[in-house]
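Because the structure is predicted, anything quoted here is derived from the model rather than measured. In this chain, residues are counted from 1 in sequence order. Values reported hereafter were calculated over all heavy atoms of this structure, with side chains retained and with hydrogens, waters and symmetry mates removed.
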Amino acid sequence: MAGRIVLLLACLFLVPPVHAELSDSKRALIQELFPSATVIEDKLPDFPVYPVYQLQELLGYAYETADHSRLQGFAGKPISMLIGLDSKGRFTGIKVLNHHEPVFLHGLGEEPLFEFVDQYEGHSLQEQIIVSTSNSSRSGRTSDGNVVHFDGVSKATVSVLIINDTVLSSALKVARKKLEGFAQSAPTRAKPDFYQPMSWQQLVERGYIGHWQIAAESIEAELGRPLSDYPMDIEPADGEPFTELFFAYINSPMVGRNLLGDDGYQRLMERLDDGAQVLAVMSRGAFPHVSREFVPGSSPDRVGLTQNNLAVEMRDLNLLDQNLEFRAAGMPSFEAGNLFRVGGNAGFNPGAEANLKLNVELARNHLMVDRASLDIPVQFNEELFETVEVAPNPEDTRQPVWIGLWKERWWQISLLVIGLTVLTVFFARQKTLSRNPKLVHRFRWGFLFFTLFFIGFYAQGQLSVVNIYTLFLAIWDGFSLNVFLLDPIIFILWIYTFVTLFIWGRGLFCGWLCPFGALQEMAAWLGEKLKFRQIKVPEHWHRRMILLKYPILLTLVGTAFYSLTIAEKLAEVEPFKTSITLFFVRSWPFVLYAVGLLVIGMFIHKFYCRYLCPLGAGLAVLGRLRLFSWLDRVELCGNPCQHCKNECGINAIRKDGRIDYDECIQCLECVVILEDDTRCVDKRLETKKRSRQANILATDAG
């Protein structure tokens with residue numbers, strides 16, 4: 001027996017490891033990425049890529065993003081893609097293998113996703129790729145020198161930004177490992193204690209500030225025609241350059257403190273995130289480095305930065321003003337000056353060689369445009385830097401995707417926070433404010449319009465049951481807060497809803513912050529105005545039907561752990577995506593379902609909320625942990641008075657007068673009635689009693 005065990009172990013050690021062979025389906029996909037390939041090898045054992053050859057010539061590599069990037073998508077799962085990268089760092093194509101992005105699977109359809117990834121074909125890692133979103137100042141499939149603008153996908157901003165980050169970060173890993181010319185130089189950083197006061201001229205002469213200029217004759221040679229052929233006034237005066245550029249690495253105290261002053265340098269460093277690197281660019285002459293149409297806070301079109309054959313992201317910080325300005329002694333005046341944050345996916349090594357690429361684009365007329373691209377060497381004096389022992393991976397130090405999304409949507413975030421603050425104050429003072437019924441009704445309808453049109457249609461802040469099982473799956477697979485920070489509006493609403501669940505219960509969200517709930521409220525109002533017969537569901541049926549949403553919730557959450565794809569399809573029980581996300585622009589069965597629910601709601605008040613909504617069911621379960629049951633009741637409520645119950649459109653008041661907080665949407669109608677001396681039976685009786693006592697006292701006095 002012992003001999004057999006020894007023989008088995010010997011076989012295990014002596015038999016060479018077997019690598020998983022490339023499947024026929026994947027081989028066919030790689031063939032599509034490299035049509036001229038004659039040899040496609042299996043995945044390499046030391047680095048997960050598939051080498052692709054034409055006879056003996058290496059064409060490039062194919063790889064799966066799951067092997068190089070685990071960035072989670074909006075659904076909490078990575079987006080798996082097969083990418084082709086040729087030997088020069090150009091994308092040969094991208095195939096989407098697997099994803100769980102709800103907006104593509106069961107909303108817009110997958111065609112917009114495929115059209116988006118098709119844009120990468122033919123583009124290089126040497127280009128700075130910028131995805132235009134619905135909030136961007138630019139859109140369209142245009143290329144300006146080293147900057148390439150890709151069309152985003154409306155309603156799927158978060159998903160396409162995640163895809164772009166996944167594509168670029170994984171491609172950079174492959175390029176640095178397998179392609180010539182993309183290897184990183186020895187990492188450097190600015191010496192923190194290297195400083196002495198210097199004038200502008202001294203900084204330039206010592207190479208602490210880079211300087212480059214081009215004469216008009218040189219640019220005319222590049223363009224192939226004189227500058228006088230162009231209608232715009234770009235001819236420099238005699239003896240002046242066409243363009244004169246100065247550039248400086250601000251993180252170096254020697255440069256930053258001399259250029260910005262000690263106070264300005266300290267304020268800038270305090271405002272920057274850890275690891276942020278800043279490059280100052282200043283120019284004068286007929287052709288400055290940014291155009292008059294340049295939008296502060298964006299990436300420049302006229303100038304780009306490359307290092308190790310990779311495009312380095314440049315984005316204007318928009319921080320130069322009266323409190324932060326260039327103030328070096330003897331500094332000349334400039335037509336333009338900017339502080340650019342540099343790095344992105346590719347990172348930036350300040351002590352290594354790099355290139356600024358000046359893109360000159362001059363229109364002869366509205367049809368003819370001449371272009372020239374000039375490389376400007378960037379190499380600062382090595383005295384400014386010291387070598388870093390271990391180079392962190394750029395993907396480990398770069399700014400997370402969600403930070404850019406939050407900055408881009410700052411005004412939406414601000415308006416939402418203001419709205420939530422106003423709502424919180426209103427609820428905190430509801431007993432006082434409810435004494436004015438007109439004020440309550442006007443505020444409620446005004447806030448419902450804010451919820452539907454701003455939070456819902458514009459900011460896309462419709463919470464969904466999908467968010468609930470995304471949270472459960474994230475906890476199950478390894479929680480990452482970054483997934484939930486990708487959509488700031490959804491994140492803020494979830495935090496606010498979660499906190500208020502333990503104060504006021506489910507109703508604050510369902511009655512005030514749910515866009516589809518607001519749409520149902522408006523449908524119910526329209527039904528009443530059109531004099532549709534309002535159907536009151538009998539009490540015994542109502543009590544049974546409100547339980548339907550709980551098994552729907554359990555089915556969805558349970559299915560998500562078995563198959564996220566099936567769970568996403570079942571989540572179509574929610575009409576939110578059709579009505580709020582896609583504005584009813586969808587295939588007819590989904591539109592018919594959503595419109596049908598609204599039509600039913602014109603006869604049965606908020607039918608979907610009361611009986612079918614799995615999100616409402618989940619919030620109701622958590623809402624049972626609320627700290628307060630704050631809706632006041634009096635002795636006559638339910639015994640015998642049924643006025644509040646009859647007025648409650650959602651039937652959240654029992655016959656005995658108790659509030660059913662699991663169903664209450666906190667419209668505050670019962671609070672208004674209770675505070676109204678003319679509508680509340682208890683107050684009317686109390687008023688009559690006091691009047692009778694006053695009459696008796698008056699008679700006795702007489």
* To do: Starting from the C-alpha separation in whole Å, work towards a yes-or-no answer on side chain to side chain contact (heavy atoms under 4.5 Å, CB included) for I79 and T166.
  => CA-CA 8 Å; I79 301 168; T166 301; 5.7 Å; no
* **Derivation of the side chain to side chain contact (heavy atoms under 4.5 Å, CB included) call for T243 and L374** => CA-CA 11 Å; T243 295; L374 306 170; over 6 Å; no
* Verdict with reasoning, L259 to Y265, per side chain to side chain contact (heavy atoms under 4.5 Å, CB included) -> CA-CA 8 Å; L259 275 184; Y265 177 75; over 6 Å; no
* Audit row: Q119, I129, side chain to side chain contact (heavy atoms under 4.5 Å, CB included) steps and yes/no -> CA-CA 10 Å; Q119 296 178 93; I129 295 174; over 6 Å; no
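In this structure, L168 CG and I163 CD1 are separated by 11.5 Å, a value rounded to the nearest 0.5 Å. Interatomic distance, CD1 of I83 versus CD of E64, reported as 10.5 Å (0.5 Å rounding). Note that CG of L319 is 6.5 Å distant from CG of L268, once rounded to the nearest 0.5 Å. Going from atom CD1 of I130 over to atom CE of M314 covers 11.0 Å, rounded to the nearest 0.5 Å. Once rounded to the nearest 0.5 Å, the distance linking CD of Q277 with CD of E313 reads 12.5 Å. Rounding to the nearest 0.5 Å gives a distance of 10.5 Å between CG of L305 and NZ of K357.
Checked by atom type and distance alone, the side chain of N359 pairs as donor or acceptor with a backbone atom of D301 at under 3.5 Å. The backbone N or O of N349 sits less than 3.5 Å from a side-chain atom of Q307, completing a donor-acceptor pair. Judged purely by atom type and a 3.5 angstrom limit, E127 uses its side chain to pair as donor or acceptor with the backbone of S124. K173 contributes a side-chain N or O that, together with a main-chain N or O of H68, makes up a donor-acceptor pair within less than 3.5 Å. Within the 3.5 Å criterion, the main-chain N or O of L59 finds no donor-acceptor partner in the side chain of D86. Panel note: side chain S69, backbone T65; no donor-acceptor pair is recorded below 3.5 Å.
The side chain to side chain donor-acceptor pair (under 3.5 Å) search around E57 returns none, not counting sequence neighbours. For F116, the ring pair (Phe, Tyr, Trp, His ring centres under 6.0 Å) partners are Y120, not counting sequence neighbours. Not counting sequence neighbours, S333 has no partner by the side chain to side chain contact (heavy atoms under 4.5 Å, CB included) test. For Q196, the side chain to side chain contact (heavy atoms under 4.5 Å, CB included) criterion is met by M198, R206, M254, not counting sequence neighbours. F287 pairs by the ring pair (Phe, Tyr, Trp, His ring centres under 6.0 Å) definition with F242, not counting sequence neighbours. The side chain to side chain contact (heavy atoms under 4.5 Å, CB included) test applied to E180 returns no partner, not counting sequence neighbours. For Q213, the side chain to side chain contact (heavy atoms under 4.5 Å, CB included) partners at least two apart in sequence or on another chain are H211, P241, E244. By the ring pair (Phe, Tyr, Trp, His ring centres under 6.0 Å) test, Y249 is found to be paired with F385, residues two or more places apart in sequence or in another chain being considered. Residues that satisfy the salt bridge (Lys or Arg N to Asp or Glu O under 4.0 Å) test with D316, not counting sequence neighbours, are absent from this structure. For R189, the side chain to side chain donor-acceptor pair (under 3.5 Å) criterion is met by E386, not counting sequence neighbours. F247 pairs by the ring pair (Phe, Tyr, Trp, His ring centres under 6.0 Å) definition with nothing, not counting sequence neighbours.
Between I219 and I214 the shortest heavy-atom distance is N-CD1, 4.0 Å. Counting all heavy atoms, side chain and backbone alike, E325 lies closest to L320 at CA-CD2, 4.1 Å. Scanning both residues, S170 and Y63, for their nearest heavy atoms gives OG-OH, 3.1 Å. Closest approach of P488 to I413, counting heavy atoms only: CB-CD1, 3.6 Å. The two residues Q202 and P197 make their nearest non-hydrogen contact at OE1-O, 4.5 Å. Residue F114 comes nearest to V117 through the heavy atom pair O-CG2, 3.3 Å, listed as atom of the first residue, atom of the second, then distance.
The aromatic rings of F457 and F453 sit perpendicular to each other, their planes meeting at more than 60°, with 30° as the lower class boundary.
Within the structure, every pair that satisfies the ring-ring contact (aromatic ring centres under 6.0 Å, His included) test and touches residues 328-347, not counting sequence neighbours, is listed here: W200-F334, F246-F334.
Annotation: side chain of L339 is in contact with side chain of L324 (closest heavy-atom distance under 4.5 Å). Inter-residue side-chain proximity for N355 and P377 is flagged as met; some heavy-atom pair is nearer than 4.5 Å. Within the 4.5 Å cutoff, the side chain of N309 has heavy atoms near those of the Q126 side chain. Contact of the R302 side chain with the F294 side chain is not registered, since no non-hydrogen atoms from C-beta on lie closer than 4.5 Å. Contact annotation: the side chain of Y195 approaches that of N258 to within less than 4.5 Å [non-hydrogen atoms, C-beta and beyond]. D229 has its side chain out of reach of L362: every pair of non-hydrogen atoms, C-beta onward, lies at least 4.5 Å apart. Considering only heavy atoms from C-beta on, V160 stays 4.5 Å or farther from P112 through its side chain. Residues H289 and L245 have side chains in contact (heavy-atom distance under 4.5 Å, counting atoms from C-beta outward).
Comment: R284 does not engage E335 in a salt bridge, judged by the lack of any side-chain N to carboxylate O separation of less than 4.0 angstrom. One finds a salt bridge joining R364 and D370 here, because a Lys/Arg side-chain nitrogen approaches an Asp/Glu carboxylate oxygen to under 4.0 Å.
Remark: the E383 side chain and the Y208 side chain contain an N/O donor-acceptor pair separated by less than 3.5 Å.
By the neighbour-count criterion of 12 heavy atoms within 6.0 Å, atom CZ of R225 is densely surrounded, having more than that number from other residues, nucleotides or ligands. Annotation for K88: atom NZ does not count as buried by contact number, only 12 or fewer foreign heavy atoms lying within 6.0 Å. The number of heavy atoms from other shown groups lying within 6.0 Å of NZ (K177) does not exceed 12. In E382, the CD atom is not crowded: 12 or fewer heavy atoms of neighbouring residues, nucleotides or ligands sit closer than 6.0 Å.
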